[in-house]
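Here the structure comes first, spelled out in structure tokens, and everything after it is commentary.
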Amino acid sequence: MKRSHATLVALLFAAALSACGGGGGGGAAATAASNGSAAAGSSGSTVSGSAADTGSAGAAGTGGFASGGGIAGAGGTITVGTSTSTSTSANASGALPSPAVTGTGAGTVGSTPAPSGSTLATGPTSGTTSLAVSSPGTGPRTLVLFDAPAGSEWEKLGFSYAVMLRNLLGHFDAQVDLLPVQQYTAGRMQSYAATFYLGAAYNNPIPAAFLADAATTTRTLVWFKYNLWELASDPQYAFAQNRGFSFSALRGLNAAPTASAPAPGFFDTVSYKGRDFVKYYAYDAPTNQVAADPDLGVTTIADATKATALVSITNAATRERAPYVVRAGNFWYVADMPFSYIGPRDRYLVIADLLHDMMGIPHAESHQAMVRLEDVDAKVSVPAMKKLSDYLFGKHVPFSIALIPHYKDPLGLANDGTPEDIPLAQATSLRTAVNYAIARGAQLVMHGYTHQYAAQKNPWSGISGDDYEFWDIVHNAPVPEDSTAWALGRLNAGLAEMQASGYSPVAWETPHYFASSLASKAVPQVFSTTYQRVVYLTSDRPDFSPHPGKDFAAGQIFPYVIQRDYYGQRVLPESLGNIEYDISNVDPSSYFNYSWQEIYGNAQYALTVRDGFASFFFHPFWLEAAVGQPGFQDFTSLVEAITALGYTWVAPASVQ
């Protein structure tokens with residue numbers, strides 16, 4: 001939820017007038033705040049079927065990003081019953097698509113392990129052709145299979161997880177084919193260097209051809225979460241004998257949560273490289289809903305000469321331990337779905353690191369850091385920019401500036417009701433600040449064209465830096481003009497303004513990290529590199545309403561460089577978040593703190609990924625005296641703390 005400099009100044013001015021008993025000149029800005037203007041600092045989030053921005057460092061909406069680098073892609077809920085927890089909603093990175101969480105303990109495994117009170121998912125093969133997607137790359141040929149139970153609301157949930165995995169495989173520039181597992185044909189995996197199966201739908205029937213190949217393949221096969229029992233419990237495959245481990249149980253919550261015992265516990269703590277990665281969990285007593293993904297496939301090592309538990313997971317309440325990642329030669333099993341409820345300290349990082357081993361591409365240990373000065377537009381404070389530039393230059397820290405070329409306030413909410421429109425050529429203060437920074441090593445990132453949409457609130461003020469540009473967040477849909485051609489027009493217009501002023505951006509950053517699929521696909525036609533997080537949609541014209549085949553949005557943070565993502569973009573990571581302050585006395589929506597120490601903690605966790613980045617951004621307006629926060633002190637503390645961790649500071653253009 002980023003706050004534009006102009007809006008923040010207007011709010012501060014309005015607050016000052018109010019404190020003095022005056023009321024003129026601040027009404028429009030105050031109204032903007034009361035209508036839901038965002039707090040300064042973080043990316044927006046979106047909820048499937050509705051829109052929302054969150055100001056906490058906890059769970060964000062479906063596919064979005066929590067403020068300050070918190071949980072991304074959270075959103076699905078589990079309504080807790082007396083004997084079973086039934087998932088009533090889910091998202092591309094959220095809760096379960098089938099009633100597979102037990103409220104009273106573990107489900108048991110026979111031929112089909114159904115937790116108490118659950119029903120079996122069905123998996124007809126019709127209607128899934130459109131989910132088969134191929135993407136180019138120069139790296140290993142890779143197959144990603146996923147559950148797509150046609151005729152259900154969750155048909156595209158597995159596809160959204162597959163897109164997220166496909167993006168991480170873009171770190172290796174893999175050639176990736178995405179395919180519903182129902183469409184698998186015998187022998188297909190033999191033509192790939194590696195195959196991944198995402199068991200996203202509980203008890204989804206798996207084709208016999210896939211089970212037979214999975215039992216005998218000599219190629220790399222990685223199986224996630226559900227449905228391993230279809231292979232492991234069938235005697236004809238002699239799974240435990242051949243692979244050296246067996247499937248024991250499907251575990252969920254230890255008990256049903258209540259208002260008096262809201263956190264009964266589950267297998268939630270993944271241990272890796274000396275750090276504990278704790279899975280997200282929240283319980284809302286009034287609605288009796290859980291936000292979490294507690295299901296875990298519990299396995300047992302039967303022959304340690306054939307199988308090894310590389311990573312373990314602990315049930316914090318019972319202190320039980322179970323394998324989280326098992327390797328048996330070329331066969332891998334990951335016990336849950338690490339693309340749900342991801343964040344900068346989540347087990348998602350464990351899988352991001354282990355992909356090097358799964359793909360057989362052991363990148364060398366290397367840790368780079370980047371810092372970006374955010375939402376720099378025509379209203380930027382020149383003194384703040386000079387102070388930050390001087391500090392970074394003095395510390396020999398390369399940095400970048402997320403520049404908004406064309407400033408707009410069409411409703412005049414930050415200008416006493418008078419609309420403003422300032423192209424870069426007329427933005428004297430902006431060019432002064434940017435030129436000063438460039439002379440001290442700054443590189444420029446184009447951060448939208450206007451970073452707002454039309455002459456309307458989308459959703460907060462219509463002011464550059466506040467609002468979404470390539471997504472109608474009010475209706476959670478593409479804007480009416482949405483097309484690749486429309487997006488290209490805006491990209492090229494912004495680039496033309498920058499070039500006319502003598503500036504050459506090295507990368508693109510999508511406003512609030514959220515654009516339509518068609519807009520995102522336009523970006524690589526203009527920019528060879530992006531520098532951001534990304535929200536991925538399961539169709540070009542998504543429909544998030546509850547219905548069979550509903551769409552999902554998946555918000556994704558990257559710990560390292562993605563050479564080519566699902567949209568064809570090269571992505572440099574912003575992986576840590578940003579400093580936030582509670583200034584709710586001025587702006588009611590800016591009601592939380594996200595300290596530099598929290599971001600430093602995220603940087604410590606990023607070291608567990610062998611080539612993980614420590615990359616964050618900072619808003620220069622936090623230096624302004626009127627805000628009354630220790631912005632500069634905290635900024636410098638964070639830079640120096642990350643340096644002390646051994647990271648090497650790099651400029652975006654130098655990243656390979």
Side-chain angles (χ1 to χ4, degrees), residues 2 4-6 372-386 388-389 398-410 414-415 418-455 462-470 479 481 483-512 515 519-532 569-570 572 617 619-620 651-654:
K2 302 174 185 177
S4 76
H5 172 270
R372 189 177 69 220
L373 303 183
E374 196 76 348
D375 289 332
V376 176
D377 61 23
K379 299 293 184 176
V380 72
S381 165
V382 175
M385 285 292 292
K386 286 186 174 181
L388 290 165
S389 299
F399 64 103
S400 61
I401 295 172
L403 186 147
I404 303 169
H406 197 121
Y407 175 86
K408 287 194 174 187
D409 177 9
N415 193 40
T418 301
E420 279 194 288
D421 188 311
I422 308 175
L424 184 55
Q426 298 173 18
T428 304
S429 294
L430 173 58
R431 288 186 287 111
T432 297
V434 168
N435 291 340
Y436 188 89
I438 288 175
R440 285 150 185 82
Q443 295 182 348
L444 301 184
V445 175
M446 188 169 130
H447 189 25
Y449 173 34
T450 64
H451 201 315
Q452 54 81 239
Y453 172 72
I463 299 173
S464 291
D466 268 5
D467 283 9
Y468 293 73
E469 182 172 356
F470 296 94
V479 300
E481 306 94 325
S483 68
T484 299
W486 174 79
L488 283 171
R490 298 190 70 81
L491 294 170
N492 286 317
L495 186 59
E497 287 202 24
M498 292 189 69
Q499 291 174 336
S501 292
Y503 302 139
S504 297
V506 300
W508 163 266
E509 179 196 352
T510 298
H512 290 308
S520 294
K521 292 172 184 177
V523 171
Q525 298 182 43
V526 180
F527 292 91
S528 62
T529 299
T530 69
Y531 178 6
Q532 58 186 359
Q569 303 172 119
R570 179 174 182 261
L572 304 185
F617 65 88
H619 286 93
S654 68

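Quick caveat, the model's predicted, so the values are computed rather than measured.
Rounding to the nearest 0.5 Å gives a distance of 11.5 Å between CD1 of Ile404 and CD1 of Ile463. To the nearest 0.5 Å, atoms CZ (Arg490) and CZ (Phe470) are separated by 5.5 Å. Note: Asp377 CG to His406 NE2 = 11.5 Å, rounded to the nearest 0.5 Å. If you take CG on Asn492 and CD on Glu497, they are separated by 12.0 Å, rounding to the nearest 0.5 Å. Distance check, rounded to the nearest 0.5 Å: OH of Tyr531 to CD of Gln443 gives 10.0 Å. Taking CG from Leu424 and CG from Leu403, the interatomic distance works out to 6.0 Å, rounded to the nearest 0.5 Å.
Between the side chains of Arg372 and Ser400, no donor-acceptor pair is found at a separation under 3.5 Å. Between the side chains of His451 and Asp466, no donor-acceptor pair is found at a separation under 3.5 Å.
Ala454 and Gln452 get closest at one heavy-atom pair: O-NE2, 2.8 Å. When every heavy atom of Gly462 is checked against every heavy atom of Asp467, the shortest pair comes out as N-OD2, 2.7 Å. For Pro405 against Gly448, the heavy-atom pair with the smallest separation is CD-O, 3.1 Å. Minimum heavy-atom separation, Val506 to Ala653: CG1-CB, 4.1 Å. Minimum heavy-atom separation, Ala519 to Ala487: CA-CB, 3.7 Å. Taking each heavy atom of Ser520 and Gln569 in turn, the nearest pair found is O-OE1, 3.8 Å.
Side-chain contact between Val376 and Pro620: present, with at least one pair of heavy atoms (C-beta onward) separated by less than 4.5 Å. Using a 4.5 Å heavy-atom threshold, the side chains of Lys379 and Tyr407 count as touching. Side-chain atoms of Phe527 and Leu491, non-hydrogen and from C-beta on, do get closer than 4.5 Å to each other. Contact annotation: the side chain of Tyr503 approaches that of Asn435 to within less than 4.5 Å [non-hydrogen atoms, C-beta and beyond]. Contact annotation: the side chain of Leu572 approaches that of Thr529 to within less than 4.5 Å [non-hydrogen atoms, C-beta and beyond]. Within the 4.5 Å cutoff, the side chain of Ile438 has no heavy atoms near those of the Ile401 side chain.
Listed for the Asn415 side chain is no donor-acceptor partner under 3.5 Å among the backbone atoms of Glu420. A donor-acceptor pair under 3.5 Å links the side-chain atoms of Ser464 to the main chain of Thr450, judged by distance alone. Distance alone, capped at 3.5 Å, places no donor-acceptor pair between the His447 side chain and the Asp375 backbone.
For the side-chain hydrogen bond (donor to acceptor under 3.5 Å, both in side chains) test with Tyr453, the passing option among Glu469, Glu481, Lys408 is Glu481; the others fail.
Counting only residues at least two apart or on different chains, no salt bridge (charged side-chain N to carboxylate O under 4.0 Å, His left out) pair has a member in residues 426-438.
By the ring-ring contact (aromatic ring centres under 6.0 Å, His included) test, Phe399 is found to be paired with no residue, residues two or more places apart in sequence or in another chain being considered.
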